[in-house]
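Comments concern the structure below.
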Amino acid sequence: MSLKKEIKFKLPVLLLIPFFSWFFLHIFFVGDNQKFDQLALGEEVVKVTNYINNKPILCGSFAQLDKCLRYLKEKNFNKKILWIGNSQLNSVNQGNLDTTKTASHRASEYFYDKNIGLITFAAPNISFQEYSVIIDYLKKKIDFDIIILPLVFDDTREDGVRKSFLIKKEKNKNIQKTLQEISESKIILYLDKHIKWNDIRSAAQGKIYTFLYQSRNFVFNINPTSTRKFIKPIFDKNILSLEKILKKLKKENIKTILYVAPLRNDIKIPYSEIEYSYFKRHTKNLSTKYSSYFYNLENIVPGFLWGEKAGTKIGVDTEVDFMHFKEQGHAILGKNIITILNKLL
């Protein structure tokens with residue numbers, strides 16, 4: 001086949017591919033409002049963003065951080081506190097998006113009247129390695145007096161730092177883009193403008209991930225009460241990151257509070273008792289070594305203040321939730337953190 005005929009044959013096919021792709025993705029994914037960063041939450045658990053004076057004090061991504069930092073910068077607080085953690089801090093079982101107050105919101109409100117600013121950064125399944133990245137980034141912008149870090153055994157199974165937590169370095173503007181980069185950029189911009197391509201792509205990726213995640217759990221009969229053993233190489237990397245954080249903050253005279261996060265205890269916990277005890281003992285020893293403040297809050301929220309979350313395997317609608325509690329549980333956690341902070345301030 002001559003080049004001219006080959007182009008004449010292939011060009012219409014190539015032009016039709018995006019439209020067929022759009023049609024398929026639009027039919028299956030557009031209009032689905034599920035947020036895939038809340039895969040393990042479900043309808044019973046609400047992700048909350050709290051405000052004081054119309055400024056967010058609880059952020060869950062680097063894109064929101066400037067707004068949260070504005071809360072600290074626009075008022076001349078005597079002290080500044082950072083609270084970092086996983087979805088336990090910004091998700092409430094049977095909560096209300098508009099009226100529910102998280103533990104961190106209650107603490108922020110309480111200390112606002114004492115001219116002490118407190119903001120929270122919360123992200124799902126956040127690792128100690130990611131704690132380090134966030135702290136390093138925020139310390140360049142705000143001089144914090146106290147940093148609060150919850151200790152969650154599950155999060156020591158998470159490895160690496162998600163791309164959205166990495167600060168992109170500005171590219172050299174003198175480097176000329178290739179024809180492929182220019183064309184891809186223009187096509188994506190065009191598709192996003194006319195058919196919300198990025199939303200469709202994100203939804204498609206989420207659906208595929210959800211299916212694979214639930215399929216794995218179905219095949220291997222994994223459920224919330226399955227024993228989650230630690231993965232030693234990943235556990236060690238996270239513990240090393242935590243130690244580096246404590247060492248660095250001690251050197252900079254920033255007080256650090258470590259607390260074992262609340263865990264549902266009215267049923268068998270999903271950890272090896274030996275490994276979980278080791279985790280608590282080891283982190284407490286690190287706390288002592290680097291002069292931070294250690295508290296075990298794992299049993300402060302009673303069983304009836306926990307609930308259920310979305311099923312994590314095929315054919316299961318809801319499951320026991322070991323991570324997220326009701327608003328009354330947030331009130332208890334908030335009260336405990338306020339008491340701890342009052343001892344240090």
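Predicted, not measured: the structure shown is a model, and the values here were computed from it. Throughout, numbering of the chain's residues begins at 1 and tracks the sequence.
Within a 6.0 Å radius of NZ in K247, other residues, nucleotides and ligands contribute 12 heavy atoms or fewer. Within a 6.0 Å radius of NZ in K79, other residues, nucleotides and ligands contribute 12 heavy atoms or fewer. Counting non-hydrogen atoms of neighbouring residues, nucleotides and ligands closer than 6.0 angstrom, the NZ atom of K284 reaches no more than 12 such neighbours. Other residues, nucleotides and ligands place more than 12 heavy atoms under 6.0 Å from the NZ atom of K55.
With sequence neighbours excluded, the residues that form a ring-ring contact (aromatic ring centres under 6.0 Å, His included) with F153 are Y271, Y276, F279. Evaluation of the side chain to side chain donor-acceptor pair (under 3.5 Å) rule for K101 yields E109 as partners, not counting sequence neighbours. Residues satisfying the side-chain contact (heavy atoms from CB on, under 4.5 Å) criterion with I231, sequence neighbours excluded, are R157, P233, I234. The salt bridge (charged side-chain N to carboxylate O under 4.0 Å, His left out) search around D143 returns none, not counting sequence neighbours. For the side chain to side chain donor-acceptor pair (under 3.5 Å) test, no residue two or more places apart in sequence or in another chain qualifies with Y295. Applying the salt bridge (charged side-chain N to carboxylate O under 4.0 Å, His left out) rule to D145 yields no partners; only residues at least two apart in sequence or on another chain are considered. Taking E273 as the reference, nothing meets the salt bridge (charged side-chain N to carboxylate O under 4.0 Å, His left out) condition, with sequence neighbours excluded. Residues forming a ring-ring contact (aromatic ring centres under 6.0 Å, His included) with H105 (at least two apart in sequence, or on another chain): none.
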Practice prompt. Begin with the C-alpha distance, continue with both residues' side-chain angles, and end with the deciding distance and a verdict on side chain to side chain donor-acceptor pair (under 3.5 Å) for D136 and Y131.
Written response: CA-CA 9 Å; D136 285 345; Y131 278 0; over 6 Å; no
Discussion item. Before you tell me yes or no, could you show the steps for T120 and I57 under side-chain contact (heavy atoms from CB on, under 4.5 Å), namely the whole-Å CA-CA distance, both residues' side-chain angles and the distance that decides it to 0.1 Å?
Written reply: CA-CA 6 Å; T120 303; I57 53 169; over 6 Å; no
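In this structure, the side chain of Q88 does not engage the main chain of P124 through any donor-acceptor pair within 3.5 Å. Not one N or O on the side chain of E327 forms a donor-acceptor pair closer than 3.5 Å with the backbone of G95. The backbone N or O of V301 lies less than 3.5 Å from a partner atom in the side chain of W306, making a donor-acceptor pair. H330 places a side-chain N or O within donor-acceptor distance of the main-chain N or O of S91, the cut-off being under 3.5 Å. Between the side chain of R264 and the main chain of G307, a donor-acceptor pair closer than 3.5 Å is present.
Between N296 atom CG and L258 atom CG the span is 11.5 Å, to the nearest 0.5 Å. Atom CG of L118 is separated from atom CD1 of I338 by 9.0 Å, given to the nearest 0.5 angstrom. Separation of atoms CG (L249) and CZ (F144) is listed at 11.0 Å; rounding is to 0.5 Å. Put simply, CG on L72 and CD1 on I142 are 5.0 Å apart, with the number rounded to the nearest 0.5 Å.
Note on L286: it does not cluster hydrophobically with Y293, by side-chain heavy-atom contacts below 4.5 Å among ILVMFWY residues.
Applying the side-chain hydrogen bond (donor to acceptor under 3.5 Å, both in side chains) definition to pairs two or more places apart or across chains, those involving residues 231-240 are Q129-N238, D159-K237, K232-D236. Pairs passing the disulfide (SG to SG under 2.5 Å) check and including a residue from residues 98-142, sequence neighbours excluded, do not occur. Pairs engaging residues 285-301 under the salt bridge (charged side-chain N to carboxylate O under 4.0 Å, His left out) rule: E243-K289, K280-E298 [sequence neighbours left out].
Inspection of the K75 and N115 side chains reveals an N or O donor paired with an N or O acceptor under 3.5 Å. Checking N54 against Y71 by side-chain atom types alone, no donor-acceptor pair falls below 3.5 Å.
Side-chain contact check for I116 versus K80: every heavy-atom pair is 4.5 Å or farther apart.
Ring geometry for Y278 against F235 counts as tilted: the plane angle lies between 30° and 60°, on a 0 to 90° scale.
Between I134 and F121, the shortest heavy-atom distance links the atoms CD1-CE2, 3.3 Å. Annotation for I245 and S132: closest pair CD1-N, 3.6 Å, computed over non-hydrogen atoms. Taking all atoms of both residues into account, the shortest heavy-atom contact from L242 to L149 is CD1-CD1, 4.3 Å. Residues V92 and V48 approach most closely at CG2-CG2, 4.1 Å, considering heavy atoms.
Side-chain contacts under 4.5 Å among hydrophobic residues (ILVMFWY), followed directly or transitively, place V152 together with M323.
A side chain to side chain contact (heavy atoms under 4.5 Å, CB included) with F294 is found for one member of L151, I257, T256 and no other, namely L151. With respect to N86, the side chain to side chain donor-acceptor pair (under 3.5 Å) criterion is satisfied by exactly one of D154, D155, N125: D155.
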